[in-house]
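I'd like to ask you about the structure that follows.
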Amino acid sequence: MQPNELQLSMIRSRIAAAKSREDSLYAKKFSHIQPDDITDVAAFEALPFTEKEELRDAYPLGIQAVPDEEIVRIHSSSGTTGTPIIIPYTQQDVNDWAFMFKRCYEMAGITKLDRIHITPGYGLWTAGIGFQLGCELLGAMAIPMGPGNTDKQIRMMMDLGSTVLCATSSYALLLAEEIEKRGVKDQIKLRKGVIGSERWGDKMRERIAGELNVELYDIYGLTEIYGPGIGISCSADAPMHYWDDFIYLEIIDPKTGKVLPEGEIGEIVITTLKKQGAPLIRYRTHDLSRIVPEPCACGSPFPRIDRIIGRSDDMVKVKGVNIYPGQIEDVLKLVDGVSSEYQVMIDHLMGKDEMTLFFETAPGYDMDAVNKAVAETFKTKVGLTIHPKAVSIGDLPRSEKKSTRIYDNRY
Ligand code: ZN
C-alpha cells in the first residue's frame, strides 16, 4: 500500500502543522524537512520514525502543535513505568474521534436502538470516553459503567437490557463466568461484544461468544493516535478495517525499519492525516500485524489489518526469519498433545543460528512423534527448521512475562 495523492497532501499539511509551533517536538525534529518536498512515497518513507520515547521526552506538552486556546482536553497513556505521554486534543480531534468510533459501531451492526454497556475506564486513559463519544454520536444509549463492581454491572445489564458489551477480553470473560454462575443468562439481552485488547486467543473468543451468546468484534487503537476506534473487525471476517481517511498505516520490519510488502507481518507505523492537537508522523506502535491485501467479503472499501499478534519488542530474527511469541503459540496449538507452556533458546553455533523449542507435552503422548510433528508444523507455518524438545508438564519454569520465554543467547 502506498499513500495516494490525497493522503500525501494531508501528510504535507500535517508536517507543516506539526512544525509550526516553536520549540515543539517536530519543530526541532523536522527542522531540515520541508513539507512541500514530500511529493512521493520515496520522500515519505525517507522521513524518520517517531518513537514513543520522543513523546515521553516531550512531556508534558512538547508535542502540542496548535495554540493553547485551541486545546480542549488531554489524554495520557498508561505508561507502566516512568513519565507518561500526554496527547492534547482540539475540538476537531474530539469530533473526528467520535466520528471514527461511530463508524466502528456501524461496522459492527450496532444501531441507535442499542444500549451500549461501557466497562473500560474513564479519565486520563482514552478507553471509556471514546466508547461513549461514538455511542452518543450514533444515537445509541450509553451506559457508562467503567470497570469493576461486578454485582452492579450484572444488575444494570439485566435491568436496562444492555445489548452491546464493550470490554477487554479478560473482563468480558469474567462477566460471562459470573453470569453463568448466577444462573441469570436468560435475563441478559446482549447481542454484540466490542473487545479492545492486545492479543487474545481463539479459545477465549469461543468461551466469551458462547457464554454471552454474542458476536464479537475486535476494536483497535492507541492513546497516541486518538484512542480505540481507528479500526474494527466486521461480521464477515476476523481482520480489522481501519480508517484510511484519518490514518496512513505502514507495516515495517521492526529490525531494519524497511517498509514491508503487503501481506508480510511486521510492526504497525501510523501517520495521522487530520490530527491537529498532536499530529504524529510515522509513529511506531510496536504492535505486530500485517496488511490483508484481499478485499473483504463485507464489501467495505476500507483496507484491513490482521488481528494484533504481539509486540515487536518480543520479536527475534533467526536465519533471516522473524519469530514472535504469538506465532510460536499458534504452531504449538496445532499439534496434538502439546500444552501452552514453551521456552525458546536461540544460539549461534558453528557460524549458524540455531533455535531450540522446548514445550510441555501431555502425559500419554509419544514424545518422539510429538517432536517430529512440532518440527514439521513449524517448518510449514513459519519456514524455519528448529530443534524440538518435548518435556513433561511442569518441567518448564513458570514466568509471568511472556517475553522471558525467548532467550536469545547470540549476543
Ligand atoms: Zn469486512
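Start at 1 and go down the list; that is how both ligands and their atoms are numbered. No hydrogens, no waters, no symmetry mates; every other heavy atom, side chains included, goes into these values.
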Does atom CG of Asp40 have more than 12 heavy-atom neighbours, drawn from other residues, nucleotides or ligands, at distances under 6.0 Å?
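Yes, enclosed.
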Start with the C-alpha distance between Glu329 and Lys333, add both sets of side-chain angles, then the distance that settles salt bridge (charged side-chain N to carboxylate O under 4.0 Å, His left out), and finish with yes or no.
CA-CA 6 Å; Glu329 286 159 32; Lys333 233 175 0 201; over 6 Å; no
Between Glu180 and Arg207, is any pair of side-chain heavy atoms under 4.5 Å apart?
no
Residue pairs involving residues 268-284 (criterion side-chain hydrogen bond (donor to acceptor under 3.5 Å, both in side chains); sequence neighbours excluded)
Thr90-Gln276, Glu224-Tyr283, Glu250-Arg282, Glu267-Arg284
Would you list the atom pairs, donor with acceptor, under 3.5 Å between side chains in residues 107-114 and any protein atom, with sequence neighbours excluded?
{"unit_1": "Thr111", "atom_1": "OG1", "unit_2": "Leu113", "atom_2": "N", "d": "3.1"}
{"unit_1": "Asp114", "atom_1": "OD1", "unit_2": "Thr163", "atom_2": "OG1", "d": "2.6"}
{"unit_1": "Asp114", "atom_1": "OD1", "unit_2": "Arg191", "atom_2": "NE", "d": "3.0"}
{"unit_1": "Asp114", "atom_1": "OD1", "unit_2": "Arg191", "atom_2": "NH2", "d": "3.4"}
{"unit_1": "Asp114", "atom_1": "OD2", "unit_2": "Thr111", "atom_2": "N", "d": "2.8"}
{"unit_1": "Asp114", "atom_1": "OD2", "unit_2": "Arg191", "atom_2": "NH2", "d": "2.7"}

For the Zn ion (ligand 1), report each protein N, O or S atom nearer than 2.8 Å, sorted by chain and then by residue number.
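Only Cys234 SG, His241 NE2, Cys296 SG, Cys298 SG fall inside 2.8 Å of the Zn ion (ligand 1).
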Would you list the atom pairs, donor with acceptor, under 3.5 Å between side chains in residues 374-385 and any protein atom, with sequence neighbours excluded?
{"unit_1": "Thr377", "atom_1": "OG1", "unit_2": "Ala373", "atom_2": "O", "d": "2.6"}
{"unit_1": "Thr380", "atom_1": "OG1", "unit_2": "Glu376", "atom_2": "O", "d": "2.6"}

